[in-house]
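Before any comments, here is the structure.
Counting begins at 1 with the first residue of the sequence.
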Amino acid sequence: MKAVLLDEARFLKGLELPKPERVSQYLTFRKTPQDNKIIIERCQDADVIISGSLRIEREVIESLPNLKLIQLTSSGMNAVDHKACQDNHVELYNAAAFATKSVPEHTFMLMLNAMRSGVHYHNTVVDGSWRKAGSKETKALPTIDIEDQILGIIGVGTVGKRVSEIAQVFGMTVLWAEHQGKAPRNKDYTDFDTVLAASNVISLHCPLTEETKHLINAESLAKMSKKPLVVNMARGGVVESKAMAEAVQNNQVLGYATDVFEKEPIAEDDPLLTLAKQRHPHVVFSPHVGANSKNAQHKLWEIVQQQVNEFIENYKNS
C-alpha cells in the first residue's frame, strides 16, 4: 500500500521516522499548506494519509478513491470530517496516550509559572526593573504555593489521572469533575458545578466535542467562587476566549495558563493575546508544545507505525 506523510515538520527536527514496514510506497513532505488542491495532488493514489497538523475535509476524502486510512499523529480527531470518513468507508485512527509524561509535566510548568508569577519575575530581571527598583519590586507580587490547594480536574483520562498523581505529591487535594449536568458516577467523582466552586486551580484535559465546546464560558466562570487559576491543556475551543479574558481582567479568576487556543497560531485579534501583552502576572502561554518532548514524539511515531502496520495486515487478511 502507498502511504503519504504530509507534515514531517510536526515532529522534532532530527527525530528518526522510519517507514512503517508494511507500506510498499512511501512519500513524505516536510510541510503541506492548508490547501485542499495541494493535499489532493500529494495524496493521489494513496491508501494511507498520515497527518497531524492539517484539516482533512470532505472534498479531500471524496477526491481520493484509493484512500482507506487516515492515521493522525495526534490524539485529537476534530480536524477530520468524521462523517465523510464514514460515508466513504475510510478508517480514522488517532494516536492516544503517547504524551502521558510530557503533557502532565507541561501542565505543572504552566501552573507553577502562573501561580508564582514566573514570567513577571523573569521580565523584572531581564528588563532591568529589578535593578532600578531594588528588592521592593521583587516583593510587589506575592507568589502562591500550590501545596494545600484544591485542584479540580476536568477530563479524567490517562493524562488527567497522571496530573492527579503529581498534584498529590505536591500536597494538593484533587477533585475529579463529573460530566456537566450528570450525577457523579461513583465516589471518585464530584458534581461538575461543585468542582467549579471548590477549586483553587482548575485543569482542563477533556477532548473538544460538541458537548465541551466553550465549556468554560461566562456562565461557568461565574460559578468559580474561589477565583481559581484555570489551566488549559485540552483544546483551545473548550474555553471561550472573550469570556476568559474578561474574567481575568475583572479579577473573577486569578489567571489563565494555556498551551492551546481557539485558532492556532493565535489570532491577532484574540482578546487573550491582548491580555498577555499587558503582562498580567498570572497569565502564561505556550504555543501548543505540551506533547513535544523527544520521548513523547518517539512514542508517538511508534504508535503510528504499529497502527498503520496492523491496519495493512488486517486489510490484506480480510
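- Under the 3.5 Å distance criterion, the side-chain polar atoms of T258 are matched with a main-chain donor or acceptor of V260.
- Judged by distance alone, with hydrogens and angles left aside, the side-chain atoms of K2 form no donor-acceptor pair with the main-chain N or O of N66 at under 3.5 Å.
- Within a 6.0 Å sphere centred on CD of Q278, heavy atoms belonging to other residues, nucleotides or ligands number more than 12.
- Rounding to the nearest 0.5 angstrom, the gap separating the OG atom in S164 from the CZ atom in R162 is 10.5 Å.
- Shown here are the side chain to side chain contact (heavy atoms under 4.5 Å, CB included) partners of M109, two or more places apart in sequence or in another chain: H106, N113.
- Rounded to the nearest 0.5 angstrom, S220 OG and L215 CG are separated by 6.0 Å.
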If you look only at distance, which donor and acceptor atoms sit under 3.5 Å apart when one is on a side chain in residues 308-318 and the other is two or more places apart or in another chain?
from : atom 1 : to   : atom 2 : distance (Å)
N309 : OD1    : E21  : N      : 3.2
N309 : OD1    : R22  : N      : 2.9
N309 : ND2    : Q305 : O      : 3.1
E310 : OE2    : Q306 : NE2    : 3.1
E313 : OE1    : R22  : NE     : 3.3
E313 : OE2    : N317 : ND2    : 3.4
N314 : ND2    : E310 : O      : 3.1
N317 : ND2    : E313 : O      : 3.1
S318 : OG     : Y315 : O      : 2.7

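- In this structure, R42 forms a cation-pi arrangement with F29, its terminal cationic atom sitting closer than 6.0 Å to the ring centre and no more than 45° off the ring axis.
- A donor-acceptor contact shorter than 3.5 Å links the side chain of Q297 to the backbone of L12.
- I70 places a side-chain heavy atom less than 4.5 Å from the side chain of V90.
- If you take CD1 on I40 and CD on E57, they are separated by 9.5 Å, rounding to the nearest 0.5 Å.
- Heavy-atom minimum distance, A114 versus L229: CB-CD1, 3.6 Å.
- Residue R131 places its CZ atom among 12 or fewer non-hydrogen atoms of other residues, nucleotides or ligands, all under 6.0 Å distant.
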Q.
side-chain contact (heavy atoms from CB on, under 4.5 Å), that's the test. Do F11 and N292 meet it? Break it down for me.
A. CA-CA 8 Å; F11 292 86; N292 276 20; over 6 Å; no

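- Listed by chain and residue number, F261, D270, L273 satisfy the side chain to side chain contact (heavy atoms under 4.5 Å, CB included) test with I266 (two or more places apart in sequence, or in another chain).
- The closest side-chain heavy-atom distance from V304 to Y93 is not below 4.5 Å.
- Of the N and O atoms on the side chains of S293 and N295, not one donor lies less than 3.5 Å from an acceptor on the other residue.
- With D35 contributing its side chain and K37 its backbone, the two residues share a donor-acceptor pair below 3.5 Å.
- Using modelled atom types and a 3.5 Å distance limit, the side chains of H214 and E262 yield a donor-acceptor pair.
- Although no hydrogens or angles enter the test, the distance criterion places a donor-acceptor pair under 3.5 Å between the side chain of Q34 and the main chain of R55.
- W176 and T190 are not linked by any side-chain donor-acceptor pair at a separation below 3.5 angstrom, with hydrogens and angles left out of the test.
- In this model, a donor atom of one side chain and an acceptor atom of the other lie less than 3.5 Å apart for R10 and T73.
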Q | From CA spacing to verdict: side-chain contact (heavy atoms from CB on, under 4.5 Å), D81, V60 | A | CA-CA 10 Å; D81 189 324; V60 170; over 6 Å; no

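- Under the 3.5 Å distance criterion, the side-chain polar atoms of T212 are matched with a main-chain donor or acceptor of T209.
- Around the NZ atom of K101, the shell of radius 6.0 Å holds no more than 12 heavy atoms that belong to other residues, nucleotides or ligands.
- Taking NZ of K227 as the reference point, atom CG of N200 lies at 13.0 Å (rounded to 0.5 Å).
- Connection of V163 to L175 is not established within any shared hydrophobic cluster, with ILVMFWY side chains joined at heavy-atom distances below 4.5 Å, either directly or through further cluster members.
- Using a 4.5 Å heavy-atom cutoff, the side chains of I202 and V231 are not in contact.
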**Q.** Test side-chain contact (heavy atoms from CB on, under 4.5 Å) applied to D7 and K31, step by step
**A.** CA-CA 5 Å; D7 49 4; K31 294 182 180 179; over 6 Å; no

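- When all heavy atoms are compared, the tightest approach of H282 to M115 is CE1-O, 4.1 Å.
- One side chain, H298 or E302, offers a donor N or O that lies under 3.5 Å from an acceptor on the other.
- Taking 4.5 Å as the limit, every side-chain heavy atom of N123 sits out of range of all side-chain heavy atoms of V125.
- Between L204 and I216, the closest side-chain pair of non-hydrogen atoms falls below 4.5 Å.
- Atom CG in D148 sits 7.0 Å away from atom OG1 in T173 (nearest 0.5 Å).
- Under the side-chain contact (heavy atoms from CB on, under 4.5 Å) test applied with L272, the options M244, K277, K242 reduce to a single match, M244.
- Atom NE2 of residue H120 and atom CG of residue L141 lie 4.0 Å apart, to the nearest 0.5 angstrom.
- Looking only at distances, a side-chain donor or acceptor of D191 sits under 3.5 Å from a matching main-chain atom of D193.
- A donor-acceptor pair under 3.5 Å is formed between the side chain of D259 and the backbone N or O of G290.
- One finds a salt bridge joining E62 and R58 here, because a Lys/Arg side-chain nitrogen approaches an Asp/Glu carboxylate oxygen to under 4.0 Å.
- For the residue pair I153 and G160, the shortest heavy atom distance occurs at CD1-O, 3.4 Å.
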**Q.** Test side-chain contact (heavy atoms from CB on, under 4.5 Å) applied to E240 and E246, step by step
**A.** CA-CA 10 Å; E240 186 179 2; E246 291 176 352; over 6 Å; no

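- The nearest pair of heavy atoms linking A99 to V159 is O-CG2, 4.3 Å.
- The shortest distance between side-chain heavy atoms of E268 and K263 does not fall below 4.5 Å.
- V195 and M172 are members of different hydrophobic clusters when ILVMFWY side chains are connected at heavy-atom separations under 4.5 Å.
- A donor-acceptor contact under 3.5 angstrom links the side chains of Q71 and Q307, judged on distance only.
- H205 places a side-chain heavy atom less than 4.5 Å from the side chain of S203.
- Within the 4.5 Å cutoff, no side-chain heavy atoms of I150 are placed close to those of V201.
- Checked by atom type and distance alone, the side chain of T32 pairs as donor or acceptor with a backbone atom of L6 at under 3.5 Å.
- Counting only N and O atoms by type, the side chains of T124 and H122 include no donor and acceptor under 3.5 Å apart.
- Between K68 and E91 there is no salt bridge, since none of the side-chain N atoms of the basic residue sits less than 4.0 Å from a carboxylate O of the acidic one.
- Side-chain atoms of W301 come within 3.5 Å of backbone atoms of P18 as a donor-acceptor pair (strictly under, hydrogens ignored).
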